[in-house]
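The analysis underlying the following values was restricted to heavy atoms, covering all of them including side chains, and did not include hydrogens, waters or symmetry mates.
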Amino acid sequence: MKPLSRIRRFPRPEDGLRAMVDRAPQAEAFAASWIERVRPSAMRIYALRRRIATIAVTVLAVSLFVHVMFGANGMIVYKQKRAEYEALRKQNVQVQQENDRYTQQIQGLKSDQKAIEKEAREQLGYAKPGEYVYVAPAPAKPAPPVNHSAKR
């Protein structure tokens, strides 16, 4: 059999109230001393409340300005993205013009006999009977520039 001494006895509600009543004068004395200690600081803060509010609003405005200008989606990033967008839009227009030019060239090669003949003469070197094709010699490769730096 287990000993009964291990069983905890729960305090009664009256015990808690009695302890609180016994300690009430000590708590009141502590609160009074704390109030007397904090009162000068509280009075000074109360006297400076407008300055403190002005400083707080100024700090808030400056931090908001910095966030708007330099934040993750700020004006600096916006301007960079806008410039990138304009460059990509110009590049898109150029590629579209080039694409249209190639489309016209393809349509000409599909339907126009003169365009087909021109391409055959230029790219394949074809000639009509009695014509001579002159091919220019390939330019010689220029010599690489001489590097006068010291070699190790």
Side-chain angles (χ1 to χ4, degrees), residues 8 10-11 13 15-17 19-21 23-152:
R8 289 190 84 206
F10 290 108
D15 293 340
L17 290 174
M20 191 165 53
V21 168
R23 292 191 181 127
Q26 295 170 347
E28 287 178 8
F30 175 74
S33 68
W34 186 80
I35 288 172
E36 289 303 318
R37 206 173 337 142
V38 173
R39 184 170 299 209
S41 300
M43 295 300 287
R44 182 162 173 93
I45 289 173
Y46 183 77
L48 297 174
R49 68 188 182 277
R50 287 187 179 170
R51 282 189 184 169
I52 292 171
T54 303
I55 291 170
V57 168
T58 303
V59 167
L60 179 66
V62 167
S63 64
L64 185 62
F65 174 76
V66 168
H67 176 69
V68 166
M69 290 303 289
F70 305 108
N73 293 323
M75 285 300 276
I76 304 298
V77 173
Y78 171 76
K79 295 230 182 228
Q80 290 172 347
K81 295 292 183 186
R82 185 73 179 172
E84 182 181 346
Y85 169 77
E86 290 297 324
L88 287 173
R89 191 181 60 75
K90 287 178 183 178
Q91 183 182 2
N92 193 10
V93 168
Q94 290 174 348
V95 168
Q96 187 63 41
Q97 289 173 349
E98 185 180 352
N99 193 13
D100 292 341
R101 191 173 57 247
Y102 286 144
T103 304
Q104 290 174 353
Q105 198 174 27
I106 289 170
Q107 290 299 325
L109 288 174
K110 285 183 178 179
S111 61
D112 189 14
Q113 290 296 325
K114 289 190 180 207
I116 295 171
E117 182 180 335
K118 179 184 173 199
E119 289 296 321
R121 287 174 177 263
E122 289 178 0
Q123 290 187 5
L124 302 175
Y126 286 179
K128 289 183 178 180
E131 289 183 340
Y132 295 102
V133 177
Y134 292 102
V135 179
K141 290 185 179 179
V146 178
N147 189 1
H148 295 291
S149 64
K151 293 183 180 180
R152 291 185 182 188

Residues at least two apart in sequence or cross-chain that pass side chain to side chain donor-acceptor pair (under 3.5 Å) with Q96, listed by chain then number, are D100

Y102: what forms a side-chain contact (heavy atoms from CB on, under 4.5 Å) with it, not counting sequence neighbours? E98, Q105

Show me the side-chain donor-acceptor pairs of residues 23-32 shorter than 3.5 Å, one per line, residues at least two apart or across chains.
none

Please list, chain by chain and in numerical order, all residues satisfying side-chain contact (heavy atoms from CB on, under 4.5 Å) with K114, sequence neighbours excluded. D112

Looking at residues at least two apart in the chain, or sitting in another chain, which of them share a side-chain contact (heavy atoms from CB on, under 4.5 Å) with L48? R44, R51, I52

Between A115 and G108, the two heavy atoms sitting closest are CB-O, 3.8 Å

Side chain to side chain donor-acceptor pair (under 3.5 Å) contacts in which one or both residues fall within residues 68-94, not counting sequence neighbours: E86-R89

What pairs meet the salt bridge (Lys or Arg N to Asp or Glu O under 4.0 Å) rule with one or both residues in residues 129-138, with sequence neighbours excluded? R121-E131

Salt bridge (Lys or Arg N to Asp or Glu O under 4.0 Å) partners for E119, two or more places apart: none

List the residues meeting side-chain contact (heavy atoms from CB on, under 4.5 Å) with R39, not counting sequence neighbours, and say none if there are none. I35, E36, M43

